[in-house]
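So the structure is just underneath, and the comments pick up after that.
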Amino acid sequence: MSSDEQDRPRKTLTIKKTARDAQAEGAAKRTRAGARARLVAQIERARDNTERQKDPEGYQRRQEEEARSARRPSGAGRDAPARGTSPRSGQSRSGQSRPGQAERGQYDRGPSDRSPYDRGPSDRGQSDRPSARRGASDRTRADDSRRGDGRRDDGRRDDAPGSRAGRTPQRAPRLRDDQYIAPATPAGRFYDPFEDDGPAPEFAQEPDHTAASDDAQQSDFAHEADADHDWDAPRERAAPRVDVRSRRPREPRQAETFTVFAPCPQGLEEALTAEMQALGYEDAKAGRAGCSFTSDWSGIQRANLYSRLATRILVQVAHAEISHEDDILDLARDTPWERWFGAEQTLRVDTSAIKSPVQSLQYCNLRAKDGICDRLRELEGERPSIDTVRPDARVHLFLTGHTATLYLDTSGESLFKRGWRLDKGEAPLRENLAAGMLALAGWDPAAPLLDPFCGSGTILIEAAWIALGVPPGISRPFGFERLRDHDAYRWRDLKEDARARILPQLDAPLVGYDLNPLAIEYARNNAERAWLTADSIRFEVGDARDVTAPADHGWIVTNPPYGERMGAEQDADLWRDWATCLKRNFAGWELHVITSDLTLPNQMRLKPKRRVPLHNGALDCRLFGFELVAAGYRDA
């Protein structure tokens with residue numbers, strides 16, 4: 001650095017305050033508005049309540065002094081507001097707001113914050129307020145200081161556009177970002193849109209359950225009617241009242257109930273009715289070749305799953321009197337078939353009649369089919385296809401006398417098709433008829449069972465499922481699964497619940513014999529498809545005239561060969577020799593035989609205790625029941 005630079009005097013940087021900065025320092029403090037103003041007012045009210053409770057007499061004196069000071073006239077000129085509190089802002093020179101004035105001061109704008117377009121009540125002649133008198137004196141001095149040519153005493157010209165003579169032009173106030181000027185109402189009055197909103201949500205306090213008592217105390221202070229009350233004592237807060245409203249549980253929605261008819265082989269009506277009542281259908285009543293009851297759709301599914309004796313589960317959808325075959329067309333057209341199936345599904349219609357005067361069942365069947373297809377074509381624009389082998393929907397028309405009834409078949413294939421009998425012997429016995437024979441015989445599932453003419457094992461496999469509690473429909477599909485709005489999840493839950501109730505093993509032996517080795521092979525294959533192990537049923541090749549009893553008591557339920565099954569080569573002494581074996585080896589057992597040969601008891605030289613008419617297909621049969629004793633007896 002050179003010597004000249006060292007001798008040169010240093011300059012100091014100074015910042016001069018502008019006129020705008022000086023005006024900002026001298027301006028009054030800006031007032032709060034909006035949610036924050038309401039919060040401050042709420043805090044001030046809480047503080048006043050606290051002071052009033054702690055020192056009610058001092059609080060009353062301060063209120064009276066402030067009221068007198070507010071009514072005291074202030075001096076004229078600009079020095080008047082400096083001696084007290086500004087009536088517009090509600091604040092003293094120390095910056096603290098007076099009690100009772102905080103709310104009004106927070107919502108009203110001060111003189112510096114008012115809009116130049118604000119024409120409130122103070123501009124319309126209310127000169128008794130200090131601010132109004134001060135404004136009048138200022139305008140008087142301003143008029144005196146002006147000259148006739150529009151110039152002031154200081155030589156400046158008042159050339160502001162739109163300004164009145166003798167009034168100092170004022171600059172529009174600068175608003176902060178958080179300030180809001182409400183639009184004018186049609187009456188010219190300005191309003192604050194946030195004025196009636198209450199406290200801000202984030203600052204909302206818990207409800208004061210003693211607000212009513214505080215208002216009563218404030219009234220007592222004003223009238224000095226409760227001077228002896230000890231306000232310094234701690235006051236107990238009333239416990240919040242909780243209104244407990246008893247809510248009535250919603251009533252369960254009633255499911256739609258249908259009239260159901262379950263057909264069965266003739267002779268099993270009473271047994272089927274007892275089965276349905278045991279399943280929970282208390283109103284089941286026996287009818288011709290079946291029984292009727294009422295149930296909802298879930299109960300219909302359960303009936304398909306658990307019934308061992310029914311052939312089908314039919315839901316009645318229409319019933320009316322008819323006088324002509326064409327009335328069947330109208331009845332079918334008026335039935336809401338679209339609830340269960342539509343044009344996208346295949347259809348089959350079957351017709352049966354009892355003592356009906358109609359001339360042709362085939363024509364009645366055609367009329368019912370045409371009525372169903374006409375309705376679906378009108379509603380959906382297309383008619384369903386006909387499939388007589390494996391349809392998606394089956395409809396049954398039943399005619400009796402002068403009435404016609406339409407049923408929706410929910411089973412699909414007949415219920416006696418359990419799904420496990422694929423190998424059939426000669427003249428097989430239907431599964432539901434075999435289960436009906438066991439029911440009519442009164443077989444105890446915990447007792448031994450023997451079938452000396454077992455064939456393909458139908459009676460013994462049905463007995464095993466009864467003893468284990470296996471539902472007969474657990475392994476087969478049903479027709480209702482292909483209908484509209486089928487609830488697959490509910491149906492799955494119903495089957496899972498049924499599987500959970502199946503027992504692991506049998507309590508008594510089940511034994512079957514047959515002379516034909518092929519029939520024994522069929523029986524073993526069917527038992528394996530029925531999920532039965534070799535220990536469940538013992539199938540052996542043997543002659544009924546040489547078998548021995550597996551226990552000291554039990555049941556023999558069998559379907560011996562008869563009719564076409566009884567060949568000409570059969571020995572005529574078969575029944576007599578078999579009866580001799582039974583008397584010798586099965587004393588104390590019960591024997592139940594189904595046959596179409598009504599002379600069988602005489603050939604066996606046994607007297608039946610009971611005989612029940614049954615139909616095995618088209619054959620008119622009897623179920624004979626015998627009680628075996630050691631000595632034996634003949635018919636009288």
Side-chain angles (χ1 to χ4, degrees), residues 268 270-280 302 305-310 418 420-421 429 431-475 497-514 523-524 526-540 542 544 547-559 582 585-594 609-610 612 623-630:
L268 297 181
E270 296 296 336
L272 176 61
T273 303
E275 180 191 48
M276 289 300 175
Q277 291 176 353
L279 290 176
R302 290 180 60 253
L305 179 62
Y306 285 99
S307 179
R308 303 181 188 276
L309 308 182
R418 316 293 200 208
W420 50 262
R421 191 174 73 173
L429 194 68
E431 291 87 332
N432 62 339
L433 182 57
M437 291 172 56
L438 293 171
L440 294 175
W443 171 65
D444 183 6
L449 179 64
L450 175 66
D451 184 2
F453 305 96
C454 66
S456 59
T458 304
I459 295 177
L460 293 176
I461 294 176
E462 281 294 318
W465 274 26
I466 293 174
L468 294 175
V470 180
I474 197 67
S475 300
D497 179 71
R499 290 190 181 97
R501 302 174 185 272
I502 299 176
L503 300 178
Q505 61 183 3
L506 295 171
D507 297 333
L510 304 179
V511 184
Y513 295 96
D514 200 281
R524 291 172 179 172
N526 290 333
E528 184 178 357
R529 278 188 290 268
W531 304 96
L532 298 174
T533 62
D535 300 335
S536 302
I537 305 176
R538 190 173 81 238
F539 291 108
E540 296 181 1
V547 297
T548 58
D552 56 352
H553 69 282
W555 271 262
I556 299 176
V557 181
T558 185
N559 177 29
L582 295 176
N585 299 328
F586 292 89
W589 284 60
E590 293 188 15
L591 173 64
H592 294 268
V593 182
I594 183 173
K609 291 177 56 178
R610 58 180 301 190
V612 180
L623 178 65
F624 293 102
F626 305 92
E627 184 178 354
L628 301 178
V629 295

Indicate yes or no: at least one non-hydrogen side-chain atom of [X] is less than 4.5 angstrom from one of [Y].
X	Y	result
Leu623	Val593	no
Pro471	Trp465	no
Leu450	Tyr513	yes
Trp555	Asp444	yes
Cys454	Phe539	yes
Ser307	Leu272	yes

Distance (rounded to the nearest 0.5 Å) between [X] [atom1] and [Y] [atom2]:
X	Y	atom1	atom2	value
Trp443	Leu449	CH2	CG	5.5 Å
Glu462	Leu438	CD	CG	8.0 Å
Met437	Ile594	CE	CD1	5.0 Å
Asp497	Arg302	CG	CZ	9.5 Å

Query - Qualifying residues under ring pair (Phe, Tyr, Trp, His ring centres under 6.0 Å), relative to Phe586, sequence neighbours excluded - result: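 Ring pair (Phe, Tyr, Trp, His ring centres under 6.0 Å) list for Phe586, sorted by chain: Trp589.
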**Report entry** Sole candidate of Asn559, Ile537, Leu460 that passes side chain to side chain contact (heavy atoms under 4.5 Å, CB included) when paired with Asp451
**Finding:**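 The side chain to side chain contact (heavy atoms under 4.5 Å, CB included) with Asp451 is passed solely by Leu460 among Asn559, Ile537, Leu460.
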Query raised in the report: Arg610: what forms a side-chain hydrogen bond (donor to acceptor under 3.5 Å, both in side chains) with it, not counting sequence neighbours?
Result: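 For Arg610 there are no side-chain hydrogen bond (donor to acceptor under 3.5 Å, both in side chains) partners, ignoring immediate neighbours.
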Query raised in the report: Do Asn585 and Thr548 have side-chain N/O donor and acceptor atoms under 3.5 Å apart?
Result: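 The criterion, which ignores hydrogens and geometry beyond distance, is not satisfied for Thr548 and Asn585.
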**Report entry** Audit row: His592, Val612, side-chain contact (heavy atoms from CB on, under 4.5 Å) steps and yes/no
**Finding:** CA-CA 10 Å; His592 294 268; Val612 180; over 6 Å; no
Query raised in the report: Where the side chain of Asn526 meets the backbone of Ser456, is there a donor-acceptor pair that is under 3.5 Å apart?
Result: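 Present.
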Requested in this report: Please indicate whether Glu540 has more than 12 foreign heavy atoms, meaning atoms of other residues, nucleotides or ligands, lying under 6.0 Å from its CD.
Outcome: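 Yes - once you tally the heavy atoms of other residues, nucleotides and ligands closer than 6.0 Å, there are more than 12.
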Query raised in the report: So, Arg421 and Glu431, do they make that salt bridge, N to O below 4.0 Å?
Result: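 Salt bridge present between Arg421 and Glu431.
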**Report entry** Partners meeting salt bridge (Lys or Arg N to Asp or Glu O under 4.0 Å) with Arg499 (sequence neighbours left out)
**Finding:**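 By the salt bridge (Lys or Arg N to Asp or Glu O under 4.0 Å) rule, Arg499 matches no residue at all.
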